[in-house]
Structure formats: structure tokens, C-alpha cells
Amino acid sequence: MIKAHCFLRWPTLLHKEEILSARPSAPQLQEMQYNRDPDTVVTIVNPVEHPRDYVVWSICSFFHANPFCLGLAALIFSFKARDMKVTGDLQRAREYSKWALGFNVAALIILILTILILVIVFGIIPFSRYLFNSY
């Protein structure tokens, strides 16, 4: 295998013989591949997926889109979800996270509808009155 003094030099300074002797031959690879312990059991555990808390989205909803105090409710449930996630109660954290997501989505939908209605009322209707009354 590789000699200890090979690591002290740069790889470009290695001799060809040292590089070739460091590589295992094909029979050694086969031996390493099939020489396994049959009693070894490998347990693969799925990692626990932590719920999202939507704090940043809730802060944006609180400051920019707070119709019917939905942004405040989303912010409160986001903090509750984060607290439950820190304490280790993932089930309650998921429930609070779903509530925060629902309040954030509701606030966003109401904001989009409000902006759409304002654009229609103040943008399209005066423009159409100008077009039809110009005759």
C-alpha cells in the first residue's frame, strides 16, 4: 500500500512505482468487495422533517398585508410553531404551522383581490369613461 513518506511530498513528486504500488490490483478489489460480514445489519432511519414556521412570510403579511388582522394571527401562530419546534413537540408545531400558512395565504389572496379591484376602479373605469364620452 501507500508508504507514510509519500504523504510528505507533493503528489507531482511521487515516483511512478509508488503510484502504481498504491493502487490495489483487480483481485484485491474483488476480495474487498465480496469479503463482507453476513451478520452486519444496517438500519436506515428516515430523518425527521421539521415543520416550517413561516415567520418571514408572517412578518411581511403583518406589515404589508394585514386585512382583518390576518397578518397578526399568522405571526402569532408562526411564533407558536417555532416554539413548539424548539421544545420538540413536532405534532403541535405542524398544527400551528398549518394555521400560520392558512392565515398567510388568506391575507395574500385578500391583498391581491384588493389591489385588483383598486386597479379596475381607478384605472380602467375612468379610462373607459374618457373613451366613450369623447364623441
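Bear in mind the structure is a predicted one, so any value in this text is a computation, not a measurement. As a basis for the values below, the full set of heavy atoms in this structure was taken, side chains included, without hydrogen atoms, waters or symmetry mates.
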> Less than 4.5 Å apart, side chain to side chain, heavy atoms only: is that true for Trp57 and Leu101?
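Touching, per the 4.5 Å side-chain cut-off.
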> Tell me whether Val121 shares a hydrophobic cluster with Leu118, the cluster being built from Ile, Leu, Val, Met, Phe, Trp, Tyr side chains joined at under 4.5 Å.
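Shared cluster, yes.
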> Using a 3.5 Å distance criterion without hydrogens, assess whether the side chain of Ser78 forms a donor-acceptor pair with backbone atoms of Ala100.
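Such a contact is absent between Ser78 side chain and Ala100 backbone.
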> More than 12 heavy atoms of other residues, nucleotides or ligands under 6.0 Å from CZ of Arg52: yes or no?
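Not buried by this count: 12 neighbours or fewer within 6.0 Å.
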> Find the distance between CD1 (Ile120) and CD1 (Ile115) and round it off to the nearest 0.5 Å.
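Nearest 0.5 Å value for the CD1-CD1 distance: 12.5 Å.
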> Work out which heavy atom in Asn66 is nearest to a heavy atom in Leu70; give both atom names and the distance.
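Where Asn66 meets Leu70 most closely, the heavy atoms are OD1-N, 3.5 Å.
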> Could you tell me whether the side chain of Asp83 reaches within less than 4.5 Å of the side chain of Thr87, counting heavy atoms only?
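Heavy-atom side-chain distance check fails, nothing below 4.5 Å.
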> When hydrophobic residues are tied together by side-chain contacts of less than 4.5 Å, even through go-betweens, does Ile76 share a cluster with Phe62?
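In one cluster with Ile76: Phe62, yes.
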> Hey, quick one: are Val55 and Phe63 part of the same hydrophobic cluster, counting side-chain heavy atoms closer than 4.5 Å, chains of contacts allowed?
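Both belong to a single hydrophobic cluster.
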> Going hydrophobic residue to hydrophobic residue with side-chain gaps under 4.5 angstrom, can you get from Phe122 over to Ile117?
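Linked, Phe122 and Ile117 end up in one cluster.
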> Tell me which one of Phe77, Tyr54, Phe79 satisfies side chain to side chain contact (heavy atoms under 4.5 Å, CB included) with Tyr96.
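Single side chain to side chain contact (heavy atoms under 4.5 Å, CB included) partner of Tyr96 among Phe77, Tyr54, Phe79: Phe77.
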> Which one of Ile110, Ile112, Leu116 satisfies the side chain to side chain contact (heavy atoms under 4.5 Å, CB included) criterion with Thr114?
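The residue from Ile110, Ile112, Leu116 that satisfies side chain to side chain contact (heavy atoms under 4.5 Å, CB included) with Thr114 turns out to be Ile110.
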> Measure the shortest side-chain to side-chain distance between Leu90 and His50 over non-hydrogen atoms and say whether it is less than 4.5 angstrom.
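They are in side-chain contact.
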> Nearest 0.5 angstrom please: Ser97 OG to Asn104 CG, how far?
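One gets 9.5 Å once the value is rounded to the nearest 0.5 Å.
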> OG/Ser61 to CG/Leu108 distance, rounded to the nearest 0.5 angstrom?
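So the OG of Ser61 and the CG of Leu108 are separated by 7.0 Å.
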> Arg82: which residues meet the salt bridge (Lys or Arg N to Asp or Glu O under 4.0 Å) condition with it, sequence neighbours left out?
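Partners of Arg82 under the salt bridge (Lys or Arg N to Asp or Glu O under 4.0 Å) test: Asp53.
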> Are any side-chain N or O atoms of Asp89 and backbone N or O atoms of Met84, one a donor and one an acceptor, separated by less than 3.5 Å?
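Not confirmed, Asp89 side chain does not pair with Met84 backbone.
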